[in-house]
4 protein chains.
Amino acid sequence: MARPLSEEKRNAILAAAAEAVGSLGVSASTAKIAKDAGIAEGTLFVYFPTKDDLLNELYLALKADMKAAIAAGYPTEASVKERCEHLWNQSIDWGAKNPAKRRALRQLGVSDKVTEASRKAGMAAFRDIQSMLDEGFQSGILRQQPKDMLGATTDVLTDMVLEFIHRDPGNIESYRRAGFETYWGAISNK
Amino acid sequence: MARPLSEEKRNAILAAAAEAVGSLGVSASTAKIAKDAGIAEGTLFVYFPTKDDLLNELYLALKADMKAAIAAGYPTEASVKERCEHLWNQSIDWGAKNPAKRRALRQLGVSDKVTEASRKAGMAAFRDIQSMLDEGFQSGILRQQPKDMLGATTDVLTDMVLEFIHRDPGNIESYRRAGFETYWGAISNK
Amino acid sequence: MARPLSEEKRNAILAAAAEAVGSLGVSASTAKIAKDAGIAEGTLFVYFPTKDDLLNELYLALKADMKAAIAAGYPTEASVKERCEHLWNQSIDWGAKNPAKRRALRQLGVSDKVTEASRKAGMAAFRDIQSMLDEGFQSGILRQQPKDMLGATTDVLTDMVLEFIHRDPGNIESYRRAGFETYWGAISNK
Amino acid sequence: MARPLSEEKRNAILAAAAEAVGSLGVSASTAKIAKDAGIAEGTLFVYFPTKDDLLNELYLALKADMKAAIAAGYPTEASVKERCEHLWNQSIDWGAKNPAKRRALRQLGVSDKVTEASRKAGMAAFRDIQSMLDEGFQSGILRQQPKDMLGATTDVLTDMVLEFIHRDPGNIESYRRAGFETYWGAISNK
DNA sequence: GATGAATGAGCGTTCATTCAT
DNA sequence: TATGAATGAACGCTCATTCAT
């Protein structure tokens, strides 16, 4: 069978894993994840044959989740800068609202458990977003860059700003704005 | 004194730890680190009372190493942009020449084993560098930013570019250049 | 349930622990205990979360075992002195037949791994026995004593005699008899 | 050389060992003992070739210390019962004033690190005391007992009472008195 | 003689994975 | 399919003892 019985259980495992990896790193135990997901230890391995598989699928699920949030409500008709600002704000909002997921993604990002294939697949999502901005590249408003670098820049600056927000939650708005200036400078032609 | 603590051994442990953490993450075992350092397992704990202590001291040592490399040969008399480009190039060079150290620093950066105090101390080094650019801020060439954000931006964009270089080592020069454009846009007033 | 916890295994662990603690003290290793119990090292921790838990449960099990043996065949209708002699003889017999258990109990008795709560629970068993002798106290045949002191006196004199028997096993009967005289003198009104 | 340099250091080690064994048991580390004695780790082994040697010598020293305290001020001319009461009170006082030493002696008493030879030597001290009471045996006031049993009874009942005092320090006098009644009953002819 | 760095076996405990139920 | 008891290698750390200084 291509997929085991309960989609619900699968999602519960993924959700518990995100939470656990976010707070404990990739060394979070499968026992804890199973317990938090409300299933037995052995059941986890019915859905994911090994812990590494779980970690890779979690990475992909998180990337997809993030991408969906970022693209939501994209203002097709607005100016390039406004569209970029929309993407930026969505990114910050997703991270601020889903701190555990964001932290999980950071942990997975540096872990050698996540394969090159997963990383490639994860980057593809951001290429989708990059293509939303094709007009911006053609018009010269955005600087030409090596493939995937726009997505990575977004990723990396978002994450940086979210770290500042995490350490100093009172000033979220000023970090968001300063972050966007940095971001816009980083990707646009002056 | 019976036998003085050996600075040489201490450095060997730190070097082995950087290598191991770089490739295996913070879960690299103390046994492996000791073995690679050429000492007995127990000896490691003569130099570092716990693994967490070792990890924190490694973080600090790596930050200091990186900072020294970046600041070396700083052209005090050149233009602000040239001075930034110097810092950028030094950063890329350090990372390209010390891939294990760089990877270790990434792992430590996301690990909760590294204390807030160590992070603060690590950031202080970059504030030194930021102050090298004070003239740039006063003249309005560099954009005003929240404290520590310039250092973090440098860190994060450098790291991003080094990841691209790591995956595609043939094009180091083009990544370095494209990276600097991104970086300069990120930190300067347009 | 996947596989129920095995009462048999639990008992095997407790038995192996009694043997090991009896001969090696509380520093007997969990690895040895597990091996002697015929299970894997990790399995011990399925039944007892920590070594300290094992030690405390062992203490309780041993006290219960001893108490059951002592109270067995108690001659309700006999004279107070005969009933005390019965208790005395049962105690000596239990100790002589279960030297490892007795030695384990001694080790546990002086170990700070055994909590005050366990000690309290262990003493309660002997209070049961003391209450078997209430008539003796009321009639004035037995001397009034602070609570728990009768039980402790029994414990301590039994143990002393068993040590003599242990060192000089040929004269078990004469030690038993001399011991009882000491014991009866210790607890009765002259 | 029959004895190494400093008697003072030797005594410091023994004192530190008594304290450490009293609170931590025989598993107290040589490193801690050395530190508490104000000497280097290695120096301990100059005075005692192994930890077991230290433990055995400590046992003997403690027994000697206790015996000296018990025999001090012995009232040669008093009645047998008064002389016994003196011994009893001295025992209780020594234990109450030297809780660490008493606890150390308990630990050593059950440890298999203390050899049979040391135990024999330790018992000899109490035979000295027993011989102080020879008149009592001859007159029939004290019950005839197997060799060493009087000493052991004293030891064991004293220790029991000291445990009660330890747990309930407010009632020291009532425990001491009740204890003596038990003790006198245990050793005298009715 | 005194020191304390160096050692490596041994400790209690964890954990991904297997498999009997 | 779901369960959780069973496993044993691996972990961080301790320690009695040795020996270079």
Side-chain angles (χ1 to χ4, degrees), chain A residues 1 4-6 9 27-35 38-55 113, chain B residues 1-6 9-10 26-35 38-55 113, chain C residues 1-6 9-10 26-35 38-55 113, chain D residues 1 4-6 9 27-35 38-55 113:
Chain A
M1 214 178 314
L5 220 66
S6 161
K9 267 177 192 158
S27 65
S29 76
T30 52
K32 181 186 170 34
I33 293 169
K35 195 183 168 199
I39 58 162
E41 285 180 48
T43 305
L44 187 150
F45 293 92
V46 172
Y47 288 83
F48 303 92
T50 68
K51 188 184 180 183
D52 282 8
D53 287 311
L54 168 57
L55 257 15
K113 303 298 171 72
Chain B
M1 224 173 311
R3 210 180 317 182
L5 281 170
S6 149
K9 262 174 194 150
R10 200 188 128 91
V26 296
S27 66
S29 79
T30 52
K32 179 186 171 36
I33 293 169
K35 197 181 168 198
I39 56 164
E41 288 183 39
T43 305
L44 186 149
F45 296 96
V46 173
Y47 288 82
F48 303 93
T50 67
K51 187 184 179 184
D52 282 9
D53 286 309
L54 168 58
L55 257 16
K113 301 298 171 73
Chain C
M1 225 174 312
R3 210 180 317 183
L5 280 172
S6 149
K9 262 176 195 148
R10 199 189 130 91
V26 297
S27 65
S29 78
T30 52
K32 180 186 170 38
I33 294 169
K35 196 183 169 196
I39 57 164
E41 287 183 40
T43 305
L44 187 149
F45 295 94
V46 173
Y47 288 82
F48 303 94
T50 67
K51 186 184 181 184
D52 281 9
D53 286 310
L54 168 58
L55 257 15
K113 301 299 171 73
Chain D
M1 217 177 312
L5 221 64
S6 159
K9 266 177 192 159
S27 64
S29 77
T30 53
K32 180 187 169 34
I33 293 169
K35 194 183 168 198
I39 58 161
E41 285 180 47
T43 305
L44 187 150
F45 294 92
V46 172
Y47 288 83
F48 303 93
T50 68
K51 187 183 181 184
D52 282 8
D53 287 312
L54 167 58
L55 257 15
K113 303 296 171 73

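What you see below is based on every heavy atom in this structure, not just the backbone, and it leaves out hydrogens, waters and symmetry mates. Order of the sequence lines sets the chain letters (A, B, ...), proteins ahead of strands, with each chain counted from 1. This one's a predicted model, so the numbers in the text were calculated from it and none came from an experiment.
- Between C:Lys32 and the phosphate of E:dG10, there is no side-chain N or O to OP1/OP2 separation shorter than 4.0 Å.
- The side chain of B:Lys9 contributes an N or O atom lying less than 4.0 Å from OP1 or OP2 of E:dA6.
- With sequence neighbours left out, A:Ala40 forms a side-chain contact (heavy atoms from CB on, under 4.5 Å) with A:Thr43.
- For C:Val46, whose side chain is taken as the heavy atoms from C-beta onward, the closest listed nucleotide among E:dG4, E:dT3, F:dA6 is F:dA6.
- Not one side-chain nitrogen or oxygen of D:Tyr47 sits closer than 4.0 Å to the OP1 or OP2 atom of E:dG1.
- Residues that satisfy the side-chain contact (heavy atoms from CB on, under 4.5 Å) test with A:Lys35, not counting sequence neighbours, are absent from this structure.
- D:Ser27 is linked by a side-chain contact (heavy atoms from CB on, under 4.5 Å) to nothing, counting only residues two or more places apart in sequence or in another chain.
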Which dot-bracket notation, 5' to 3', represents the base pairing of DNA chain E when pairs are defined as Watson-Crick or G-U with both distances under 3.5 Å, crossing pairs as [ ], and inter-strand pairs as |? .||||||||||||||||||||
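- Listed by chain and residue number, nothing satisfies the side chain to side chain donor-acceptor pair (under 3.5 Å) test with D:Asp52 (two or more places apart in sequence, or in another chain).
- Taking A:Phe45 as the reference, A:Thr30 meet the side-chain contact (heavy atoms from CB on, under 4.5 Å) condition, with sequence neighbours excluded.
- With sequence neighbours left out, the side chain to side chain donor-acceptor pair (under 3.5 Å) criterion links C:Ser29 to no other residue.
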Whether each nucleotide of nucleotides 10-17 of chain F has a protein heavy atom under 4.0 Å at its base (B), only at its sugar-phosphate (S) or at neither (-) is summarised, 5' to 3', as -SSBB-BB
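- Contact check, A:Lys35 against F:dG4: no side-chain N or O comes under 4.0 Å of OP1 or OP2.
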